[in-house]
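Below you'll find the structure, written out as structure tokens, and then a few comments.
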Amino acid sequence: MKLKHKTSLTFYPTPPFHFDATLHKPSHFPSSDNAWKKGKYCITMRWQNQKLGLKLENKGTTIKPKVLITIYSKEKLTKDFILTLKPELEWRFNLKTELADFFNQFKNDRVLKSIFKKWKGSRPVSANSLYETLVIYVVLQNATVRRSVQMLENLFKKYGSKLEFDRQKLSCFWTPQELDKVPERDLRRLKVGYRAKFLKRISKQFAKGEINEFAMRKMTNQQIENEVLKLYGIGPASVEYLLFEDFYRYDAFSTIPPWDQKILSRLLFNKKLVPVSKILKYAKHWGKYKKLAVHYLWEDLFWQRKNKKIEWLEKEIRL
DNA sequence: CATCAGGGCCCTG
DNA sequence: CAGGGCCCTGAT
């Protein structure tokens, strides 16, 4: 499907804003619904039954941020449509968060100091909808990176669609309603294994409107947790990622899945394996920004990996 | 060829 | 609250 209509919106994120470190997370596995290069990020999106292509371009600096978002669509967009889309884009790309306090408070922090020099102004983004994010978490479970990528791409091929805009083709997610109707054995043919049941059940719960992502944004961490754990196939590890990555709860750092534990042990203590309790204790000095601080460390590590081989990390990343 | 663990989660006892 | 089973893959 070709998206020929263009609508442009200009945004002025709260400074400091680091365009590339915000929109590209090198620790995430690649997915054909988005593409990044320096100063430019594209992703597909669904909004009010329309499929859209988004292009974000960096038109400012970290101190004086300016982002141009071009929205590609099949039909010309109405004023009302754009009116509701605009705040959603601000939310999804976390353009309005206030982090000056965080940078100020930890400008001399042992580990953050040097990382701020490179990435100050980075922030989490939930560029996908809640449903889409949950699909990603399900294919992440108990699988190596290669297999996660394969599962998601199989799903895109069978149930998603391709959107053509800005001279590229990117995958667009299906709707929960569409996947709800699919027989479980069809899903299993896509080699998603026992996750087929999870995907079906989650899709059904969304299709029935049991989950209201917009209401959840206003809830407390605990309320969000209760809400999300109602979803079949979503457990503590997924919740931990979700609170930070999708709901921007910078303080939500209470459980550490085994893989994360290994990597944080190295990063913080230069040891192979440190007890979870010790890592959590150490993170306490970052106060209400403890998860955000960990995010900075984490992504910095994976940015480093782009340029040079990190021997111990390669061993932990199972392809 | 067989066996096993992997960015979990559910369910049972 | 500990532990087995679940799907599929690639490593050994």
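Here is the naming used below: chain letters follow the sequence lines, and residue numbers restart at 1 for every chain.
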Less than 4.0 angstrom between a side-chain N/O of A:Arg195 and OP1 or OP2 of C:dC6, yes or no? no
Any side-chain N or O of A:Ser238 below 4.0 angstrom from OP1/OP2 of B:dC9? yes
Are A:Met216 and A:Phe247 packed together at the side-chain level, in the sense that at least one heavy-atom pair is separated by less than 4.5 angstrom? yes
With no angle test and no hydrogens, is the base of C:dC7 tied to the side chain of A:Arg147 by a donor-acceptor pair under 3.5 Å? yes
With DNA chain B as reference, determine whether A:Tyr232 or A:Phe29 sits nearer its 5' end, using the nearest nucleotide of each. A:Phe29
If only atom types and distance count, is the side chain of A:Glu316 paired as donor or acceptor with the main-chain N or O of A:Trp259 below 3.5 Å? no
Roughly how many Å is it from [atom1] in [X] to [atom2] in [N], rounded to a whole number?
X	N	atom1	atom2	answer
A:Leu190	C:dT9	CG	C1'	16 Å
A:Lys315	B:dG6	NZ	P	16 Å
A:Phe198	C:dG5	CZ	C1'	11 Å
A:Lys197	B:dC11	NZ	C1'	9 Å

Counting heavy atoms from C-beta on, name the nucleotide in C:dT9, B:dC9, B:dG7 closest to the side chain of A:Lys191. C:dT9
Identify whether any heavy atom of A:Tyr137 sits under 4.0 Å from a base atom; if not, whether one sits that close to sugar-phosphate; answer base, sugar-phosphate or nothing. nothing
Earlier contact from the 5' end, DNA chain C, for A:Arg146 and A:Asn142: A:Asn142
Verify the distance criterion only: is there a donor paired with an acceptor across the side chains of A:Lys55 and A:Tyr72 at less than 3.5 Å? yes
If you measure only the distance, is there a donor-acceptor pair under 3.5 Å linking the side chains of A:Thr84 and A:Trp47? yes
